Number of protein chains: 4
Amino acid sequence: MGIKSRKEREKEQKRRLILNAAKKLFSEKGFSKATMEEIAKEAEFSPGTLYLYFKNKDELDASLSVEILEFLSDKLHEVVENQELDPLQKLYALKEKVFEVYNYDPDLLVSLFHLKTRKTFQHLTRKLVERIDTLSRDALKTLAKIFDEGINKGVFIEKHPNELADIFWSIYSGVVLWEDSKKFLNEDKNFIMETLETAIDIFIKGVLK
Amino acid sequence: MGIKSRKEREKEQKRRLILNAAKKLFSEKGFSKATMEEIAKEAEFSPGTLYLYFKNKDELDASLSVEILEFLSDKLHEVVENQELDPLQKLYALKEKVFEVYNYDPDLLVSLFHLKTRKTFQHLTRKLVERIDTLSRDALKTLAKIFDEGINKGVFIEKHPNELADIFWSIYSGVVLWEDSKKFLNEDKNFIMETLETAIDIFIKGVLK
Amino acid sequence: MGIKSRKEREKEQKRRLILNAAKKLFSEKGFSKATMEEIAKEAEFSPGTLYLYFKNKDELDASLSVEILEFLSDKLHEVVENQELDPLQKLYALKEKVFEVYNYDPDLLVSLFHLKTRKTFQHLTRKLVERIDTLSRDALKTLAKIFDEGINKGVFIEKHPNELADIFWSIYSGVVLWEDSKKFLNEDKNFIMETLETAIDIFIKGVLK
Amino acid sequence: MGIKSRKEREKEQKRRLILNAAKKLFSEKGFSKATMEEIAKEAEFSPGTLYLYFKNKDELDASLSVEILEFLSDKLHEVVENQELDPLQKLYALKEKVFEVYNYDPDLLVSLFHLKTRKTFQHLTRKLVERIDTLSRDALKTLAKIFDEGINKGVFIEKHPNELADIFWSIYSGVVLWEDSKKFLNEDKNFIMETLETAIDIFIKGVLK
DNA sequence: GATGAATGAGTATTCATTCAT
DNA sequence: TATGAATGAATACTCATTCAT
């Protein structure tokens with residue numbers, strides 16, 4: 001960490017331009033229907049350039065997920081490592097972080113889910129698969145720490161912390177994906193924030209002893 | 001309704017064979033990566049035959065969702081219309097139905113979700129779009145009735161019944177999709193039932209006044 | 001051997017149409033510069049159809065070589081198994097067969113050489129690689145038999161029969177490839193037959209004791 | 001001719017580095033499958049630099065052939081112009097030269113053959129095409145001189161000297177290419193020298209009156 | 001109805017070549 | 001000179017869909 005050359009910074013910026021273009025098109029049209037040519041055009045590069053930064057389409061998609069997981073991971077750590085909060089407060093702080101993630105980019109979760117529902121890691125470099133794996137586990141472990149602390153202090157119901165962490169995450173992603181999907185059945189949209197808030201409140205009430 | 005000729009029954013059976021093959025492959029590999037040829041082979045038909053029963057790939061996929069929604073709708077009605085249960089009992093009965101659906105076919109939900117995240121209904125017949133829309137709304141309305149009753153009787157917290165119905169459904173699908181996706185990160189699997197049970201219990205505790 | 005259905009015969013005919021188109025274009029423009037689309041057009045099929053008969057471009061090329069090797073193999077066996085000929089007569093009969101092969105299709109050898117100079121069998125099915133290997137070895141073994149017999153009978157110089165077979169084959173392919181290549185330096189062409197005849201005569205004189 | 005500035009010498013050295021890299025990769029993978037980037041990496045230059053020394057890929061390839069032809073031409077002249085040798089001795093001296101060429105660089109011939117089988121000179125500068133043409137004809141003419149002398153002195157069989165020169169050359173290249181190609185069918189390798197020696201001995205015996 | 005061979009538009013990917021630095 | 005990032009035309013290959021049998 002520390003000083004990066006201008007070249008490196010420029011390279012990273014271009015990488016991000018591509019990732020942003022891909023995120024936009026993947027969440028607009030889905031992974032399969034978004035073409036590399038469109039993504040290139042959106043990022044204002046030629047198709048060939050995409051392949052200087054990403055091995056192939058799958059790798060571009062997966063790199064997107066890594067970005068998101070890294071962002072989530074950071075937010076989770078901020079909460080867990082805040083010494084001034086008790087477990088319940090951490091749960092509420094978590095809710096705020098969840099909103100923050102959603103506000104930062106409402107499509108993040110949808111993009112992430114594309115990876116998770118894709119059944120094959122065949123075309124990805126081993127390195128990338130390992131990074132995704134590590135980040136995923138780390139995020140859940142961090143989440144589980146909060147529940148562990150709460151259970152130990154007798155504040156939360158006695159359940160395995162991992163299971164609670166899974167449920168918290170399921171609710172988060174379930175709500176976002178569900179509400180997001182309703183757009184296409186012509187429902188009013190943008191209830192996501194409200195529904196999410198209610199859902200997490202109900203969850204918090206449910207896990208209290 | 002009423003008497004169907006043998007021909008009609010045979011036709012329906014074949015339709016179902018195709019739908020089952022499609023369900024299997026769509027949930028295994030996703031809509032885009034499953035090919036019509038594979039589906040045909042799985043159903044023991046030739047590719048051309050699929051087009052005698054379904055206008056195109058999108059329509060096959062959507063018809064699948066109709067099937068699932070009809071199944072879910074039936075289960076929901078059974079619960080809601082059972083006069084002998086109070087709202088809380090209905091919630092627990094609902095949990096049992098959810099398990100029933102999952103046991104009947106663990107892939108149902110994954111397949112349904114494919115529809116919901118598809119971004120275009122362009123290739124579907126109007127009739128089919130309307131049927132999906134009606135079934136979706138009906139299912140949620142039915143679910144909302146339980147919460148409405150519970151709120152009116154002062155058993156559940158005061159929230160909009162639709163919102164609670166959405167959350168219930170989000171949790172259900174969120175858990176299944178999340179746990180399902182973990183398989184690919186080499187986690188132990190088949191925790192779905194347990195996690196689902198805990199999640200719904202927490203939810204029920206959370207919605208009680 | 002045996003009865004083939006009309007379907008099978010038709011399929012084989014179409015396969016041959018494609019092989020002929022490929023042979024023509026590969027020897028005209030070389031493997032890399034001949035496109036699948038051109039080959040399809042030449043064979044009066046659509047590009048997709050080529051892939052119903054051959055897994056990929058490499059496999060199409062290799063199948064071409066198999067054809068040639070099978071033809072050569074047949075001719076060689078005819079000579080070797082002719083009981084009425086002594087070794088020297090067989091060598092002259094071989095010369096005739098070589099002309100026959102060349103007359104049957106002057107491009108055969110050039111096409112075959114494309115395979116031999118290609119460095120990777122990676123994209124070929126194992127089955128095809130094995131077939132090529134078997135045919136190649138068999139052809140050489142058959143050729144070696146003639147020399148073995150000649151050496152045993154004291155007619156030919158004492159050298160390893162395999163080595164003589166290799167040299168015979170080298171001369172054959174060397175002459176054809178060399179004379180063929182001269183066309184592109186604007187030399188008069190079609191000396192191949194004459195040069196080949198002289199070369200083999202010199203060889204035969206050289207191997208006699 | 002004469003004194004070259006340091007600059008010029010340096011330039012020539014770099015040119016040679018590129019040619020060597022190209023020779024290696026062209027004979028390993030063939031012209032089409034060897035990429036300019038690989039060649040650049042092998043030569044420890046950047047891709048752009050290659051274009052400072054060669055107009056394009058075809059020109060690089062053709063320049064390679066010129067190098068080889070010049071080398072071969074030198075060796076041939078050494079033999080032909082040696083006044084102390086009679087025709088038969090020249091033939092044997094030629095055999096030694098052939099080994100010398102092969103030992104100097106076993107890939108030379110394979111690379112040369114790439115040029116000869118290339119179907120288009122379109123992308124080459126006229127100057128280069130003419131140089132290749134001149135060198136090729138000169139080499140053969142030189143070779144033919146030996147046979148001419150041998151025929152005139154009544155030592156060799158009565159055939160057109162050009163034809164004998166062609167056959168000599170065919171045998172040389174045929175053996176090398178053939179033995180080289182066998183590596184890929186998993187045969188033991190490095191028999192080339194032995195086979196070549198036997199082949200030329202048989203040839204010499206065959207051309208003697 | 002059922003077949004499955006044939007189609008051909010659509011797309012990911014490669015790579016010779018250029019050019020701003 | 002030398003670089004190497006960027007280009008974009010070229011092309012192998014796929015797969016939903018059709019239609020003659």
Side-chain angles (χ1 to χ4, degrees), chain A residues 6-7 10-11 14 18 32-41 43-60 123, chain B residues 7 10-11 14 31-41 43-61 123, chain C residues 6-7 10-11 14 18 32-41 43-60 123, chain D residues 7 10-11 14 31-41 43-61 123:
Chain A
R6 186 160 58 76
K7 277 241 166 137
E10 268 178 13
K11 193 169 174 177
K14 286 173 187 171
I18 296 169
S32 289
K33 302 230 162 134
T35 71
M36 290 302 267
E37 201 175 333
E38 283 171 323
I39 295 168
K41 188 167 284 174
E44 295 181 86
F45 284 111
S46 80
T49 305
L50 267 53
Y51 291 85
L52 296 178
Y53 292 87
F54 302 93
K55 204 184 102 205
N56 54 40
K57 196 183 178 186
D58 278 331
E59 190 104 0
L60 172 53
H123 300 108
Chain B
K7 279 232 166 145
E10 270 178 10
K11 189 166 175 178
K14 286 175 187 170
F31 176 79
S32 287
K33 301 221 163 147
T35 71
M36 290 301 266
E37 199 173 335
E38 283 172 323
I39 296 168
K41 187 168 282 173
E44 295 180 86
F45 285 109
S46 83
T49 305
L50 268 54
Y51 289 84
L52 297 176
Y53 293 88
F54 302 93
K55 203 184 105 202
N56 54 39
K57 197 185 178 186
D58 277 331
E59 190 101 2
L60 169 55
D61 183 43
H123 301 289
Chain C
R6 186 162 55 76
K7 277 240 165 138
E10 269 177 12
K11 191 168 175 178
K14 286 174 188 171
I18 296 170
S32 291
K33 300 229 163 137
T35 70
M36 290 302 267
E37 200 174 335
E38 283 171 323
I39 296 168
K41 188 167 282 174
E44 294 181 88
F45 284 110
S46 79
T49 304
L50 268 54
Y51 291 86
L52 295 177
Y53 293 86
F54 302 94
K55 204 183 103 206
N56 54 41
K57 197 182 177 187
D58 278 331
E59 190 104 2
L60 171 54
H123 300 109
Chain D
K7 278 233 168 148
E10 270 177 10
K11 188 166 175 177
K14 286 175 188 170
F31 176 78
S32 288
K33 300 222 164 147
T35 70
M36 289 301 266
E37 199 174 334
E38 283 172 323
I39 295 167
K41 187 167 283 174
E44 296 181 85
F45 286 109
S46 83
T49 304
L50 268 54
Y51 289 84
L52 297 176
Y53 293 88
F54 302 93
K55 203 184 105 203
N56 54 39
K57 196 184 177 186
D58 278 330
E59 190 101 3
L60 170 55
D61 183 43
H123 301 288

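Predicted model only: the values in this text are computed from it and were never measured.
A:Glu44 is linked by a side-chain hydrogen bond (donor to acceptor under 3.5 Å, both in side chains) to nothing, counting only residues two or more places apart in sequence or in another chain. Residues satisfying the side-chain contact (heavy atoms from CB on, under 4.5 Å) test with B:Thr35, not counting sequence neighbours, are B:Glu37, B:Glu38. Here C:Phe45 pairs with C:Lys14, C:Leu17, C:Ile18, C:Ala43, C:Thr49, C:Leu50 under the side-chain contact (heavy atoms from CB on, under 4.5 Å) rule; sequence neighbours left out. The side-chain contact (heavy atoms from CB on, under 4.5 Å) test applied to B:Glu59 returns B:Lys55, B:Asn56, B:Ser63, B:Leu124, B:Thr125, B:Leu128, not counting sequence neighbours.
The shortest distance between the side-chain N/O atoms of D:Lys14 and the OP1/OP2 oxygens of F:dA2 is below 4.0 Å. Listed pair A:Tyr53 / F:dA6 meets the phosphate criterion, a side-chain N or O lying under 4.0 Å from OP1 or OP2.
Comparing D:Phe45 and A:Leu52 against DNA chain F, the residue whose closest nucleotide sits nearer the 5' end is D:Phe45.
Atom P of nucleotide F:dC15 and atom CG of B:Leu60 are separated by 16 Å, given to the nearest angstrom. Atom NZ of C:Lys7 and atom P of E:dA5 are 6 Å apart (whole Å). Taking atom NZ of C:Lys41 as the reference point, atom C1' of E:dT7 lies 14 Å away to the nearest angstrom. Between the CG atom of C:Leu50 and the P atom of F:dT11 there is a distance of 15 Å, given to the nearest Å. For the pair D:Lys11 NZ and F:dA2 P, the computed distance is 9 Å after rounding to whole Å. In this structure, B:Glu38 atom CD and E:dG4 atom P are separated by 17 Å, rounded to whole Å.
Taking OH of A:Tyr53 as the start and CG of A:Leu60 as the end, the distance is 13.0 Å to the nearest 0.5 Å. For the atom pair CE of A:Met36 and OG of A:Ser46, the computed distance is 11.0 Å after rounding to the nearest 0.5 Å.
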Under 4.0 Å protein heavy-atom contact, by nucleotide of nucleotides 13-21 of chain E - B base, S sugar-phosphate only:
BBSSBB---

Base-pair map of DNA chain F as dot-bracket, where | denotes pairing with a different strand and pairs are Watson-Crick or G-U under 3.5 Å
.||||||||||||||||||||

